[in-house]
Every structure is written in C-alpha cells, then in structure tokens.
**Q** 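The structure follows.
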Amino acid sequence: MKDANTDLLAINTIRFLAVDMVEKAKSGHPGLPLGAAAPAYILWQRLLNHNPANPAWCNRDRFILSAGHGSALLYALLHVHGYSLSLEDLRAFRQLGSRTPGHPEYGHTPGVDATTGPLGHGVAMGVGMALAQRFLASQFNRPGFDVVDNFVYALVSDGDLMEGVAAEAVSLAGTLKLGRLIYLYDSNGISIEGSTSLAFTEDVAARFKACHWQVLQVDNSEDLDALEKALYAAKGNLSQPSLIIVKTHIGLGSPKQDNASSHGEPLGQTAMDATRAFYGWPAEAFHMPEQVRAVQKQALAKGQALEAAWQKMFKNYEATHPQLAARFIAQQKGQLPEGWQEALPVFSPDKKIATRAASGQVLNALAAALPNLLGGSADLAPSNKTVIEGSGSLNQEGPQCGRNIHFGVREHAMGAIVNGMALYGGVLPFAATFFVFADFIRPSLRLAALMGLKSIFIFTHDSVAVGEDGPTHQPVEHLMSLRVIPGLTVIRPADANETSGAWQAALSKPGPCALVLTRQDLPVLGTKASEVDRGAYIISHEREELAGVIVASGSEVSLALEVVDKMGPAGRGFRVVSMPSWELFASQPESYRQAILPPPASADDLWRISLEAGVSLGWERYVGAAGPKTMLFGIESFGLSAPGGQVLTHFGFNAEAIANKILNSMG
C-alpha cells in the first residue's frame with residue numbers, strides 16, 4: 001500500500017545515509033545519491049522483484065548501478081530494503097576490510113549484482129544479463145511454468161552514455177529487441193569537469209530511438225507517480241528495451257546543487273548542515289526513522305513471499321518436467337553434466353591443423369554435451385571457428401532461440417556482454433575475436449578476473465604468423481600483457497590435443513580464461529589434453545645428461561622440437577618443455593615445478609632458453625636473468641606484412657637459425 005509520507009521519509013533516509021557515509025569516510029560521491037534517490041527508491045520499492053533474505057535467488061530482477069561511483073546510494077538502498085548490510089557496515093564505508101567498498105563489488109556485498117565503476121560497463125553487462133535471461137527462458141519455460149521470468153534494470157549516468165562500450169551495447173540491445181531491459185538515466189547534466197555541454201550535447205533520446213529503444217521521459221525526479229508510471233510502461237513493452245530519461249539535479253537540496261563540486265568529494269560540515277535544514281532532517285548521523293524500519297520489514301516479507309510463490313511453482317514444474325528441472329538446478333549451481341569430458345575429441349598426428357580449427361571442433365563437440373554453452377564473435381565467427389553448428393541465432397524470443405550470438409564489430413561491448421551473461425548465471429558464455437583486438441576487450445578481461453566470472457575469451461590469429469595483414473593485425477605484446485592480469489588464466493596450446501585440454505581447463509577451473517590460438521596449421525604432437533592442466537610438462541626428454549632446457553608455448557613448441565633435432569649430437573642433452581599456461585603452472589606444487597624446470601644451482605649449470613613469438617619480457621621468471629647460458633628468443637618490435645612463414649623467418653623464428661645461435665653460443 002502506497003504511503004506518500006513514508007515514501008518521502010524513506011527516500012530522504014537513503015539520501016542522508018549516503019551523504020553520511022561519504023562525510024564519515026571523508027571520501028566518496030554525494031551528488032548522485034542526493035539527486036537519484038527518488039527514482040532508485042521507486043524502482044526498488046514498487047517494481048523490483050527480489051528477496052533480501054536470499055540475494056542469490058535465481059529469478060530475482062537484476063539491478064546494476066552502472067554509475068558505480070554512487071555506491072553509497074546502492075548501500076543505502078540495500079540497508080533500507082532489508083539486506084544483510086548493517087548501519088555499522090555503512091559507517092565503515094570505504095574503509096579497509098569493510099563490506100561497503102568505494103565502488104560496488106560483486107561477491108563482496110550482498111545484493112550487488114555486478115562490479116561497476118568503469119563507466120559504460122554496467123550498461124553493457126545489463127545487455128548480457130538480458131541475453132542470458134532470453135536464452136534460459138527459451139530453454140526452460142513451458143506453458144504454465146515461467147521458470148525464468150525476470151527483468152534487468154540499471155541506473156545509468158551521463159558519463160556512462162558517453163562511453164563507447166555503452167554505445168555499442170545499446171545498438172545491439174535495440175537490434176535484438178531485448179524488451180526485459182530497462183534503464184533509468186540519471187540525467188543531471190554535470191560531469192567532473194563541469195556542465196556536460198562542454199563535451200556531450202547530443203540528443204540522447206534521439207540516439208536511443210534510432211537504436212530502436214522505447215524512450216520515456218520524467219521531467220521531475222521527485223514526481224513519484226510519474227516515475228512509477230514510466231517504469232510500468234517500460235515493463236509493459238516486451239518488444240523493445242526501454243530508456244527512462246529522468247531529469248535530476250546532482251546534489252539536490254544542498255548548497256552545491258547542480259555543481260560539479262558535489263560529484264566526487266564530501267559536502268563538508270557547512271554544506272551538510274544546510275542540506276539537513278533544507279530537508280528538515282535531524283543532525284544525528286545515520287539516522288534511521290522507525291517508519292523506515294517498517295519499510296525494511298515489509299521489503300523482507302514481500303521478497304520472501306515472491307520467492308516462496310516461485311518455489312511453489314517450481315515444485316510443480318519438477319513434477320511435470322523432471323529432467324528439465326534437474327538440468328535447470330544443475331546449471332544454476334554451475335555444475336557440469338557427469339562425463340562431459342568424454343565429449344572432448346582426441347586428434348591423431350596424421351595431419352596438421354591450426355589450433356583455431358581444432359578449437360572449433362572441440363567447441364562443437366562440447367556444445368552437444370553442454371546445452372548451456374553459447375556465445376559468438378565480433379563479426380569473425382568463420383575466422384575464429386566459433387559457429388555452433390546446427391544451432392540458430394540468439395536473436396528472438398521463444399523455443400527457436402539459438403546459441404550463436406552475432407555481436408557485430410563491437411569488441412568492447414562483446415567482452416562486457418559476456419561478463420553480464422556469466423553474472424546472470426546458468427550459462428557458459430564465450431566471446432571471440434582476433435588476438436590483436438584483445439586491446440579492445442582488456443577492461444572486460446580485468447573485470448571478469450576481478451569478479452571471478454566463468455567467462456571464456458577465444459583469441460585467434462595469435463602471432464606474426466598472421467602474415468600479409470601486417471603489424472596492425474599481428475599481436476606481439478598482447479600475450480605477455482594478458483599474463484599480468486591477476487586471476488585470468490591464459491592458455492596458448494601447442495597443438496590440437498592441447499587445445500582440447502585448454503577447453504577442459506577453461507570450463508573446469510574457476511575464473512575467466514583466455515584461449516590463444518593459431519591461424520596457421522601446426523603438427524599434432526601426440527600430446528594429451530590432461531597435460532594442459534599442469535600448465536607445463538616435458539614434451540621431449542633429454543636423451544643424455546641434462547645440458548639445457550628449451551621452454552616454449554603455442555606454435556613455438558613444435559619449433560623447439562625441430563631446433564633440438566637441428567642441433568645434432570649437442571641436442572641430445574636438451575629437454576623441451578611445453579608451457580601452455582603460466583597461471584596453471586604456477587598453481588602446481590613446487591616439487592613438480594622444479595622437476596620440470598630445475599632451479600639453477602649456479603649461473604652456468606644448464607642452458608635455459610625461452611622461445612615465443614612475442615615480446616620476451618617476463619620469461620626471466622622461468623629461464624633466469626641474463627647469464628652466460630640464458631637465451632630469450634622473442635620479437636621485440638612490431639611485425640610486417642608478408643606471408644606468415646616469411647615473417648617468422650625474418651624475425652629469426654626458424655629451426656636452423658635458432659639452432660645455429662645456440663650452437664654458436666655453446667662454442
């Protein structure tokens with residue numbers, strides 16, 4: 001039951017909890033909570049289906065605070081709506097070890113559905129959530145049983161909509177008619193440097209309409225009935241995503257209203273006093289009126305009733321569709337079907353095959369065993385070998401909804417959308433493009449690692465062997481740059497069987513994974529998929545007393561084997577180590593790591609050689625610092641345009657040249 005007085009009291013409670021958090025921390029962003037509290041509250045109070053007692057309920061509506069700098073607003077909303085976030089948690093805002101960090105962090109604070117802060121990414125992740133919702137609804141909903149029946153909401157800002165990643169995602173969402181996607185746009189006309197008119201004068205409504213969104217307008221952020229009406233109008237249009245443009249005032253009611261100074265710093269005591277006077281709010285910090293405590297209880301009761309009704313429906317669903325129900329539960333838990341690894345193909349060494357092509361075969365074999373494996377490419381699926389054969393496109397509602405996503409030439413958004421799908425849960429999403437374009441996806445790789453998401457990123461055309469397309473398309477620094485992202489597992493397989501192992505690791509290990517694959521054909525070396533799991537292993541043992549170790553990844557493993565053969569008798573004392581993944585190798589016991597790469601007893605005990613067609617920086621970790629028996633073969637410049645084999649030879653990546661350099665150094 002609506003109560004205008006209670007609503008206003010709750011909205012002002014949210015405002016002052018937020019500004020008190022910022023003031024106590026002496027750090028934060030008070031302007032957004034003051035201006036956007038009313039639209040956020042109306043969404044949470046009147047439309048959002050969620051259960052504060054179970055923030056992970058699978059059929060809850062998702063809410064993303066894309067403008068993550070306004071995290072104090074989200075924490076206040078969570079507290080007022082009965083989540084397990086106490087006033088003490090709010091008082092610890094932005095402090096070491098608190099549950100209320102400076103930007104919302106998924107998995108850290110109950111009720112936070114996405115880590116946000118890098119602007120634009122919340123916009124794009126919401127598109128991914130809506131895609132996952134559509135796919136799962138097509139898989140599991142049956143007449144009378146809407147098992148997957150939720151919406152995705154976000155609060156977005158001027159800054160969000162300036163970002164390119166958001167523009168890409170908005171375009172795709174309109175194309176795909178994601179009608180369960182509803183964004184509240186906090187249109188306050190202010191950014192850090194001042195008025196948005198300095199750099200952002202476009203007609204946002206016209207842009208979204210051109211992208212096939214429904215656009216609604218609320219001219220007064222404090223008109224609660226108009227806000228509710230617009231939200232229900234958005235919810236009623238399932239054929240288009242909706243943008244509700246809400247005219248707000250940053251720092252509303254403070255002396256710093258409509259001023260950039262209210263964006264990213266505490267109001268200060270004088271302005272705080274004036275703001276309390278404007279709203280007639282008590283001087284007590286973190287004041288929580290009894291009427292608002294009743295709102296907490298009501299939100300808890302409502303949420304528990306919503307989930308209880310869904311659980312009752314699901315019990316009947318289990319009785320009617322037991323196999324579907326069992327699969328739904330397993331997918332929600334992130335469980336893989338028993339024996340899924342048996343689907344992994346084994347490749348025989350009778351012909352060469354590019355690891356991108358092997359990956360395509362593995363993907364399709366796995367797709368038959370894993371019905372929730374889906375994804376696509378940034379308009380490169382034929383080159384990336386990422387088409388799931390026999391499956392349609394994820395471009396429409398209903399049972400015909402397929403598993404191939406056509407992202408278009410939108411690498412930035414693709415990475416964030418896949419993260420949104422992983423956040424939604426129940427799916428195993430992948431994204432693919434050329435390796436050189438990992439630069440476009442890097443922020444999403446970092447966020448995936450930060451959130452520990454099961455996002456899979458497929459990168460093909462992994463070295464200067466790309467050839468004629470030249471240095472713009474030849475990754476040189478990319479492999480090493482991805483290895484420095486904490487929590488991201490990077491796997492560069494040496495052949496087709498290692499590629500099977502790479503997929504196995506990507507699906508079974510926690511966190512995101514990047515598969516780095518060749519364009520050119522490679523020999524099948526007789527490796528086993530299981531060997532990838534260890535990160536590195538001996539692919540060719542020394543035939544005499546150990547004199548040296550050559551460690552390589554990807555396409556350079558077969559080259560390393562050729563080098564040892566070219567070295568003649570001197571090569572008999574050399575061991576070749578395939579190292580598809582630094583991260584997986586680092587996770588092995590020290591005893592295993594030392595057995596593969598013996599620690600140096602002295603500077604001149606063994607030859608230690610790394611071989612990788614990219615920048616060599618970082619290989620010192622495994623072959624040691626510069627020394628008389630240390631050699632790092634890499635490429636320290638950009639590539640050039642020529643057939644791939646010629647480019648590799650130009651940079652010295654042929655067996656004879658490398659063998660001669662080693663032999664000459666050996667004397």
Side-chain angles (χ1 to χ4, degrees), residues 1-23 30-53 55 60-61 63 65 70-91 93 100 104 109-112 153 155 184 186 218 220-232 244 246 248-249 251-254 272 275-306:
M1 184 175 179
K2 297 177 186 178
D3 181 333
N5 291 330
T6 300
D7 285 339
L8 183 58
L9 193 62
I11 290 166
N12 288 339
T13 299
I14 290 166
R15 285 187 168 114
F16 281 96
L17 287 175
V19 295
D20 284 340
M21 280 185 252
V22 173
E23 205 67 26
L32 184 149
L34 284 169
Y41 171 81
I42 290 300
L43 169 61
W44 277 63
Q45 182 66 16
R46 299 188 186 174
L47 278 90
L48 199 70
N49 289 333
H50 61 116
N51 182 7
R60 71 190 184 280
D61 290 336
F63 174 78
L65 182 68
S71 60
L73 170 65
L74 179 54
Y75 302 144
L77 282 165
L78 290 167
H79 178 74
V80 165
H81 286 88
Y83 282 78
S84 178
L85 202 65
S86 68
L87 284 176
E88 288 307 310
D89 290 321
L90 304 192
R91 291 188 180 98
F93 180 59
T100 48
T109 309
V112 171
Y153 299 92
L155 181 66
L184 284 166
D186 173 27
V218 177
N220 177 7
S221 64
E222 307 309 293
D223 187 338
L224 307 188
D225 290 337
L227 289 166
E228 182 179 18
K229 181 180 178 181
L231 283 162
Y232 274 111
I244 304 173
V246 184
T248 62
H249 295 274
L252 180 67
S254 78
M272 278 288 290
T275 307
R276 290 183 191 280
F278 176 86
Y279 287 101
W281 201 254
E284 173 197 356
F286 299 96
H287 176 62
M288 188 71 179
E290 284 302 318
Q291 282 177 266
V292 180
R293 294 188 189 279
V295 171
Q296 284 181 320
K297 294 176 182 178
Q298 290 166 3
L300 270 166
K302 178 184 175 183
Q304 289 169 332
L306 284 168

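The shown structure was predicted, so the numbers you read here are calculated from the model rather than taken from an experiment.
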**Q** Quick check: do His287 and Pro282 have side-chain heavy atoms less than 4.5 Å from each other?
**A** yes
**Q** Using atom types as modelled and distance alone, determine if a side-chain donor or acceptor of Lys297 lies under 3.5 Å from a backbone N or O of Gly82.
**A** no
**Q** Do the side chains of Leu252 and Tyr279 get nearer than 4.5 Å, heavy atoms only?
**A** yes
**Q** Is Leu224 close to Ile11 at the side-chain level, that is, under 4.5 Å between some pair of heavy atoms?
**A** yes
**Q** In Å and rounded to the nearest 0.5 Å, what is the CG to CD1 distance from Asp225 to Ile42?
**A** 8.0 Å
**Q** Measuring only between side-chain heavy atoms, which start at C-beta, is His79 closer than 4.5 Å to Leu17?
**A** yes
**Q** How many angstroms lie between atom CG of Leu78 and atom CG of Leu85, to the nearest 0.5 angstrom?
**A** 6.0 Å
**Q** Using salt bridge (charged side-chain N to carboxylate O under 4.0 Å, His left out) as the criterion, list what pairs up with Glu290, not counting sequence neighbours.
**A** Arg293
**Q** Looking only at the side chains, is there a donor atom on one of Asp186 and Thr248 sitting less than 3.5 Å from an acceptor on the other?
**A** yes
**Q** Any side-chain heavy-atom pair from Phe63 and His50 closer than 4.5 angstrom?
**A** no
**Q** List in chain and number order the residues that pass salt bridge (charged side-chain N to carboxylate O under 4.0 Å, His left out) with Asp7, two or more places apart in sequence or in another chain; answer none if no residue qualifies.
**A** Arg46
**Q** Backbone N or O of Trp281 within a donor-acceptor pair of the Arg276 side chain at under 3.5 Å?
**A** no
**Q** What class does the angle between the rings of His81 and Tyr41 fall in, given that below 30° is parallel, 30 to 60° is tilted and above 60° is perpendicular?
**A** tilted
**Q** Run Asp20 and Met272 through side-chain contact (heavy atoms from CB on, under 4.5 Å) and show every step you take.
**A** CA-CA 9 Å; Asp20 284 340; Met272 278 288 290; 3.3 Å; yes
**Q** Between Asp223 and Lys229, does the salt bridge (Lys or Arg N to Asp or Glu O under 4.0 Å) criterion hold? Intermediate values first, please.
**A** CA-CA 10 Å; Asp223 187 338; Lys229 181 180 178 181; over 6 Å; no
**Q** State the CG-CG distance between Leu73 and Leu34, to the nearest 0.5 angstrom.
**A** 9.5 Å
**Q** Can you list the residues that meet the salt bridge (charged side-chain N to carboxylate O under 4.0 Å, His left out) rule with Asp61, with sequence neighbours excluded?
**A** none
**Q** Between Thr109 (side chain) and Thr100 (backbone), is there a donor-acceptor pair under 3.5 Å?
**A** no
**Q** Is there a donor-acceptor pair closer than 3.5 Å between any side-chain N or O of Arg60 and the backbone N or O of Pro55?
**A** yes
